[in-house]
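Here's the structure we're looking at; comments come further down.
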2 protein chains.
Amino acid sequence: MSKEGQQSISSRDLADFLGANPSQIRKDFSYFGGFGTPGVGYKVEKLAKQIEKILKLDITQKAALVGVGNLGSVVLAYQGFRIYGFDIAAAFDTDSKKIGKKLNNITIEDVSNLWTLKRRKINIGIITVPRDAAQETADALVKAGVKGILNFSPCYITVPKKVKVVTIDIAMDLARLPYYMPASRATNT
Amino acid sequence: MSKEGQQSISSRDLADFLGANPSQIRKDFSYFGGFGTPGVGYKVEKLAKQIEKILKLDITQKAALVGVGNLGSVVLAYQGFRIYGFDIAAAFDTDSKKIGKKLNNITIEDVSNLWTLKRRKINIGIITVPRDAAQETADALVKAGVKGILNFSPCYITVPKKVKVVTIDIAMDLARLPYYMPASRATNT
DNA sequence: CTATGTGAATTTATTCACAGCA
DNA sequence: TGCTGTGAATAAATTCACATAG
């Protein structure tokens, strides 16, 4: 909107755009102080800046990726992570055939060197290992002093509460669609 | 658990495993009739079958993917979709250089042929086009008679309410982590 | 007038607590 | 005894409704 020269937007239009209720929009923003102008709406530029600040997308932190398999390689290659404040600065794997190889300018290291993260000021871990290895990887990352974990393995992992985990389980999302699809009634008969 | 020979599991253990509250587990299951045995728990096999049935993962439906770009190719290649009842049976794109090519045994077709979906009994659409094209793609899919849409574009799309949309926006999930990370305090000072 | 910000009302989700079954 | 299923109690999220600012 900013690029298109739009100056401001109302909670109603924002709600339409997002498929939500206008009150929801206003209430949510109000929790962070409220930055709209009565009678006008929200200044697009200002709103964007505020949201960036609230979500802390305005600062970049170094991250280490563990598990350079199929998914891991894709994540490593995906530069879009920078927008969200993640700078993938290191990659680890257990496979000796991969260790030492370079991918996207990052040399793959042995997971036994995870402990060096603290020293290297890397405090986000990205888990892209198979499910069975997810918990031990998380443990190692916590031991290495990371403060946040992005978990791509389809499982719940346990960490001390000072560490924040965000699990991204596409499979879980996928499984939602069939449930809502009316066509499935066909098998109920 | 079933593979490991475990016969049954209690709501407490299930809750621990998922990071939830036992009551939550029992309440949720009870909405679908309740299939546990007092004093014992839930029979693992039976539970799995029930959940499959509830989520309708036990039936497969044909799906068409639109947008064979980076993401689209990955999705097309990912056979794991079958588990969730999706059988990707067709792929479409606008790029004439891609049309006619084969990928994973599927010949890429011109999007202008989307209307053939109804005839081909394909009633799920998978959107992997750039954001700007997402809404028009959704419109075309609805016109072609799909009943469900899996939207990988980072935007809200509008469809008639008889059509169910599940949007998978990894970026949105990613953006959550920085917010919760304590280390970010560094910039607040 | 228009659209925000926010208490109050409402709705929805979660948790408690316990009767009753295996 | 151990654990489910479920009403009742509690907590949380959403929506209403309106006073108030531009």
Side-chain angles (χ1 to χ4, degrees), chain A residues 1-2 4-55 156-158 161 164-167 169 172-173 175-177 179-180, chain B residues 1-2 4-55 156-158 161 164-167 169 172-173 175-177 179-180:
Chain A
M1 284 171 181
S2 177
E4 284 164 10
Q6 191 169 335
Q7 293 291 311
S8 52
I9 187 168
S10 67
S11 59
R12 162 177 283 281
D13 290 347
L14 224 28
D16 285 348
F17 185 72
L18 294 168
N21 180 300
S23 309
Q24 183 78 79
I25 304 284
R26 296 203 299 279
K27 176 74 74 180
D28 283 359
F29 288 167
S30 86
Y31 283 128
F32 294 97
F35 18 79
T37 319
V40 179
Y42 301 88
K43 297 282 176 194
V44 173
E45 290 271 5
K46 187 179 173 189
L47 182 57
K49 279 216 184 68
Q50 288 290 334
I51 293 174
E52 266 204 346
K53 198 173 147 198
I54 292 168
L55 296 180
Y156 174 78
I157 57 179
T158 306
K161 36 183 181 319
K164 176 68 188 176
V165 177
V166 166
T167 295
D169 187 349
M172 205 73 105
D173 294 324
R176 284 163 45 210
L177 188 56
Y179 175 71
Y180 290 110
Chain B
M1 285 170 180
S2 178
E4 285 164 8
Q6 191 167 336
Q7 292 292 312
S8 53
I9 186 169
S10 67
S11 59
R12 163 178 283 279
D13 289 348
L14 224 28
D16 286 348
F17 184 73
L18 295 168
N21 180 301
S23 308
Q24 184 78 78
I25 304 284
R26 295 202 300 278
K27 177 73 77 180
D28 283 359
F29 288 166
S30 86
Y31 282 128
F32 295 96
F35 18 80
T37 318
V40 178
Y42 299 88
K43 298 282 175 192
V44 172
E45 290 273 2
K46 187 178 171 188
L47 182 56
K49 281 217 183 67
Q50 288 290 333
I51 292 174
E52 266 203 346
K53 197 174 147 198
I54 292 168
L55 297 179
Y156 175 77
I157 56 180
T158 307
K161 35 183 182 320
K164 176 68 189 177
V165 177
V166 166
T167 294
D169 187 349
M172 204 73 104
D173 293 324
R176 284 164 45 210
L177 189 56
Y179 175 72
Y180 291 109

Sugar-phosphate only, base, or nothing, as touched by A:Phe29 at under 4.0 Å among non-hydrogen atoms:
nothing
Look at all strands and tell whether B:Phe32 reaches a base, only sugar-phosphate, or nothing, counting heavy atoms closer than 4.0 Å.
nothing
Does B:Ser11 place a side-chain N or O at less than 4.0 Å from the phosphate oxygens OP1/OP2 of D:dT4?
yes
Please tell me if the side chains of B:Asp169 and B:Asp173 come closer than 4.5 Å, counting only heavy atoms from C-beta onward.
no
Are A:Asn21 and D:dC16 close enough that a side-chain N or O sits under 4.0 Å from OP1 or OP2?
yes
Report each atom pair, protein N/O against N/O of nucleotides 20-22 of chain D, whose distance is under 3.5 angstrom.
unit_1	atom_1	unit_2	atom_2	d
D:dG22	O4'	A:Pro38	O	3.4

Locate the shortest heavy-atom distance separating B:Ser11 from B:Arg26; write the atom from each residue and the value.
OG-NH1, 3.1 Å
Checking C:dT15, C:dG5, D:dT15 against the side chain of A:Gln24 (C-beta onward), the nearest is D:dT15
Can you confirm whether or not the ring centre of B:Phe29 sits under 6.0 Å from the ring centre of B:Phe35?
yes
On the nucleotide C:dT12, are OP1 or OP2 found under 4.0 Å from the side-chain N or O atoms that B:Tyr31 carries?
no
Could you tell me whether A:Ser23 contacts a base, only the sugar-phosphate backbone, or nothing, with contacts defined as non-hydrogen atoms closer than 4.0 Å?
base
Is it the case that atom CD in B:Gln7 sees more than 12 heavy atoms from other parts of the structure closer than 6.0 Å?
no
Atom CG of A:Leu177 and atom CG of B:Leu55: how far apart are they, to the nearest 0.5 Å?
11.5 Å
Do you know which two heavy atoms are closest between B:Ser2 and B:Val44, and how far apart they sit?
N-CG1, 3.7 Å
